Amino acid sequence: MGKKSAQLLRKALKLIPGGVNSPVRAFKAVGGGPLFISRAKGSKVYDADGREYVDYIGSWGPMILGHGHPKVSAALKKAIDRGTSFGAPTELEVVLAEMTLKAFPSMDMVRFVSSGTEATMSAIRLARAFTKRDGILKFEGCYHGHADSLLVKAGSGAATLGVPDSPGVPADLAKHTYNAIYNDLGSVKDIFEKDPEGIACVIVEGAPGNMGVVLPGDGFMEGLCKITEQYGALLIADEVMSGFRLCYGGAQKAYKIDPDLTCLGKVIGGGLPVGAFGGRREIMERLAPIGPVYQAGTLSGNPIAMTAGIETLKLLQKKGTYERLFKTTEAICGGVEEMAKKAGVPCRINVAGSMFTVFFTDRPVRNYNDAKACDLAMFARHFTRMLKNGVYLPPSQFEAAFVSLAHTGADVEKTLEAVKKSFRGL
Ligand code: KE4
């Protein structure tokens, strides 16, 4: 860590818990202090000491175009001169809503909020109101933001009542959350059989990235659709991370499923605070002010954030975008695999569109237990070595790395050069 970052961290630690405004940024899982980033452009970030890094965090997903895209920046500069927030409806919200519904045909209506957490929290409230049920089912290893009902882990067995996964979450609330095992439809069926009329919804990441990237096995997503339909529960696709990462639309388009509700965030805000949730009209019309389900937000639909989202989605629709994104992703992941083989490093890479995770194991990683069983110490060493060689990976095994349209062939070369050095004696 450079001198300036160290100085800033010492000051920040006195003012902000852990010196960060979101825990994963603190580098706790990999050791060493966080880098304080001073600016970013394209595929690069620059720390407070002026060091340059090839960036694979991309603000945890939003920066799919790369940092500071000129067209997005120009549109934002103009928008700022028109005022930054009105607390009233604007044409921009209508434009982004139209674009969103076109990209996600499973949605008839959408509501914008300011974060992914607000989107999932609100979608769950809506599902509970629509079904008049309190139970929710999520998957171990999937993360949907920090709303109380979602900070719940499995009790003694996956099919038992949930227990708080954080102090401050009431046990009386946690007991309504069940945890199933990702890629294990049997664990889902067991829970529904125990509580056939009590579960309002199943919430699942469209393409999980929060246990590291894990892919749905054949028939898994279709199986969730069938089970939720059979028991009268809603299926919520949490596409906060996967939306626009696997294709222009979401994992639901890539995996051909039709969820009842969808949550979005990250890319849809182009780096500014935007979340969204949407779904079938009959469900969405339960929302205030036309329905009784309350949900609100001071900065929801903020004109500056809408502008960034609109410009980002416009650019993502350009011909060849996803081919380019996936070509770069494949070049990186293929290169890492080759080097791991040559260096005798046990490694599995899971790729979902333009997000990937390198796991240090010689076994497949298909759920959270598999991910936890990987060599986490080796991951930490790899992270540190890559950082030293100017490549900035997500500082946790249980995160996804993100490729942007700004990553060039030279970035791929630099990344693979750093991997080669890291794998030597890892
Ligand atoms: P936010 O409230 O952080 O905007 O979104 C919560 C959320 C919801 N659903 C999914 C699938 C998500 O991945 C997230 C947030 N992702 C994390 C990265 N694993 C954000 C980074 C952070 O927490 O600092």
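When a ligand or atom number is given, it counts from 1 through the structure's own listing order. Hydrogens, waters and symmetry mates play no part in the numbers below; they use all other heavy atoms, side chains included. Predicted model, so just to flag it, every value in this text is computed and none were measured. Residue numbers start at 1 and run along the sequence shown.
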Legend entry - Set of residues satisfying side-chain contact (heavy atoms from CB on, under 4.5 Å) with respect to Met386, sequence neighbours excluded: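 Counting only residues at least two positions away or on another chain, Met386 forms a side-chain contact (heavy atoms from CB on, under 4.5 Å) with His382, Val391, Leu393, Thr415, Ala418, Val419, Ser422.
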
Inset, instruction - Applying side-chain contact (heavy atoms from CB on, under 4.5 Å), name anything that partners Ala288, two or more places apart in sequence or on another chain. - result: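 Residues passing side-chain contact (heavy atoms from CB on, under 4.5 Å) with Ala288: Tyr294.
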
Inset, instruction - Not counting sequence neighbours, list each pair that qualifies as a side-chain hydrogen bond (donor to acceptor under 3.5 Å, both in side chains) and has a residue in residues 266-286. - result: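 Only Asp260-Arg280, Arg280-Glu282 qualify under side-chain hydrogen bond (donor to acceptor under 3.5 Å, both in side chains).
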
Identify the protein atoms, limited to N or O, that lie within less than 3.5 Å of an N or O atom of ligand 1, and list each pair with its distance to 0.1 Å.
from: ligand 1; atom 1: 2 (O); to: Thr117; atom 2: N; distance (Å): 2.9
from: ligand 1; atom 1: 2 (O); to: Thr117; atom 2: OG1; distance (Å): 2.6
from: ligand 1; atom 1: 4 (O); to: Gly116; atom 2: N; distance (Å): 2.9
from: ligand 1; atom 1: 9 (N); to: Asp238; atom 2: OD1; distance (Å): 3.3
from: ligand 1; atom 1: 9 (N); to: Asp238; atom 2: OD2; distance (Å): 2.7
from: ligand 1; atom 1: 13 (O); to: Asn210; atom 2: ND2; distance (Å): 2.9
from: ligand 1; atom 1: 16 (N); to: Lys266; atom 2: NZ; distance (Å): 3.0
from: ligand 1; atom 1: 19 (N); to: Asn210; atom 2: OD1; distance (Å): 2.4
from: ligand 1; atom 1: 19 (N); to: Glu399; atom 2: OE1; distance (Å): 2.7
from: ligand 1; atom 1: 19 (N); to: Glu399; atom 2: OE2; distance (Å): 3.4
from: ligand 1; atom 1: 23 (O); to: Ser22; atom 2: OG; distance (Å): 3.4
from: ligand 1; atom 1: 24 (O); to: Ser22; atom 2: OG; distance (Å): 2.6

Inset, instruction - Return yes when atom NZ of Lys28 has more than 12 non-hydrogen atoms of other residues, nucleotides or ligands closer than 6.0 Å, and no otherwise. - result: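 At most 12 heavy atoms, drawn from other residues, nucleotides or ligands, come within 6.0 Å of this atom.
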
Inset, instruction - Flag this pair as yes if the NZ/CZ of Arg39 is under 6.0 angstrom from the six-membered ring centre of Tyr46 and inside a 45 degree cone about the axis; otherwise no. - result: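 Relative to the ring axis of Tyr46, which defines the angle, Arg39 lies inside both limits.
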
Inset, instruction - Identify the two heavy atoms, one from Cys263 and one from Ala123, that lie closest to each other, and give their separation to 0.1 Å. - result: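 Closest pair (atom of Cys263, atom of Ala123, distance): SG-CB, 3.7 Å.
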
